[in-house]
Amino acid sequence: QVQLVESGGGLVQAGGSLRLSCAASGSIFSINAMGWYRQAPGKQRELVAAITSGGSTNYADSVKGRFTISRDNAKNTVSLQMNSLKPEDTAVYYCAADLTTAQAMGVIANQDYWGQGTQVTVSS
């Protein structure tokens with residue numbers, strides 16, 4: 001029942017900006033953390049940015065100073081503002097969340113969830 005849906009990906013020229021958004025829906029008791037990962041062709045998936053419900057943030061060194069993560073706990077959403085984009089930022093970006101949810105048979109548990117991914121392409 002729990003789903004993460006990303007939006008905002010697309011094609012942009014180097015130096016441009018994009019804003020990614022992710023909305024979590026379903027039987028969610030609490031959001032422990034949400035963030036963004038990315039995976040480029042031939043490379044491993046890497047953490048881009050993460051934020052806890054309390055507001056603590058973490059960024060990959062490659063995006064620090066250019067990207068900003070924010071959240072709206074009341075709406076179960078997280079956003080990633082990406083400025084000064086570079087061709088090396090090209091990747092599929094995945095929303096991820098550590099949630100406390102209601103599972104089958106009435107079990108309450110913490111679990112990681114992933115979105116389907118959204119393509120970000122930066123041209124030179």
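We use all heavy atoms of the structure for the numbers below, so side chains are in, but hydrogens, waters and symmetry mates are not.
Note on residues 7-28: no pairs pass ring-ring contact (aromatic ring centres under 6.0 Å, His included), not counting sequence neighbours. Here salt bridge (charged side-chain N to carboxylate O under 4.0 Å, His left out) pairs that include residues 112-124, with residues two or more places apart or in two chains, number zero. Within the structure, disulfide (SG to SG under 2.5 Å) pairs that include any residue of residues 24-58 do not occur (at least two apart or interchain).
Here the closest non-hydrogen pair linking A91 and A40 is CB-N, 3.8 Å. What you find for R71 and S53 is that their closest heavy atoms are NH2-O, 3.1 Å. Between K43 and Q39 the shortest heavy-atom distance is O-NE2, 3.2 Å. The two residues Y94 and G115 have their closest heavy-atom pair at CD2-O, 3.7 Å.
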### Message
side-chain contact (heavy atoms from CB on, under 4.5 Å), that's the test. Do S79 and R19 meet it? Break it down for me.
### Response
CA-CA 7 Å; S79 297; R19 185 176 180 86; 3.5 Å; yes

### Query
Between T90 and Q119, does a side-chain contact (heavy atoms from CB on, under 4.5 Å) hold up when you go through it step by step?
CA-CA 8 Å; T90 295; Q119 178 70 48; 4.0 Å; yes

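The closest side-chain heavy-atom distance from S17 to N83 is below 4.5 Å.
Applying the salt bridge (charged side-chain N to carboxylate O under 4.0 Å, His left out) criterion to R66, with sequence neighbours excluded, gives D89. With sequence neighbours excluded, the residues satisfying side chain to side chain contact (heavy atoms under 4.5 Å, CB included) with A50 are L47. Shown here are the side chain to side chain donor-acceptor pair (under 3.5 Å) partners of S30, two or more places apart in sequence or in another chain: T100. Applying the side chain to side chain contact (heavy atoms under 4.5 Å, CB included) test to S25 and every residue at least two apart in sequence or in another chain returns Q3. Under the side chain to side chain contact (heavy atoms under 4.5 Å, CB included) criterion, K75 pairs with D72, T77, sequence neighbours left out. Listed by chain and residue number, R38 satisfy the side chain to side chain donor-acceptor pair (under 3.5 Å) test with S62 (two or more places apart in sequence, or in another chain). With sequence neighbours excluded, no residue satisfies side chain to side chain donor-acceptor pair (under 3.5 Å) with T52. Not counting sequence neighbours, T57 has no partner by the side chain to side chain donor-acceptor pair (under 3.5 Å) test.
Atoms CG and NZ, from N58 and K64 in turn, are 8.0 Å apart once rounded to the nearest 0.5 Å. Atom SG in C95 sits 12.0 Å away from atom CD in Q116 (nearest 0.5 Å).
Formation of a donor-acceptor pair under 3.5 Å by the E6 side chain with backbone atoms of C22 is not found in this model.
Counting heavy-atom neighbours within 6.0 Å of E88 CD, excluding the residue itself, gives a total above 12.
Other residues sharing a hydrophobic cluster with L18 under the 4.5 Å side-chain heavy-atom criterion for ILVMFWY residues are V2, L4, V12, L20, I28, I31, M34, W36, V48, I51, Y59, V63, F67, I69, V78, L80, M82, L85, Y93, L99, Y113, V120, V122.
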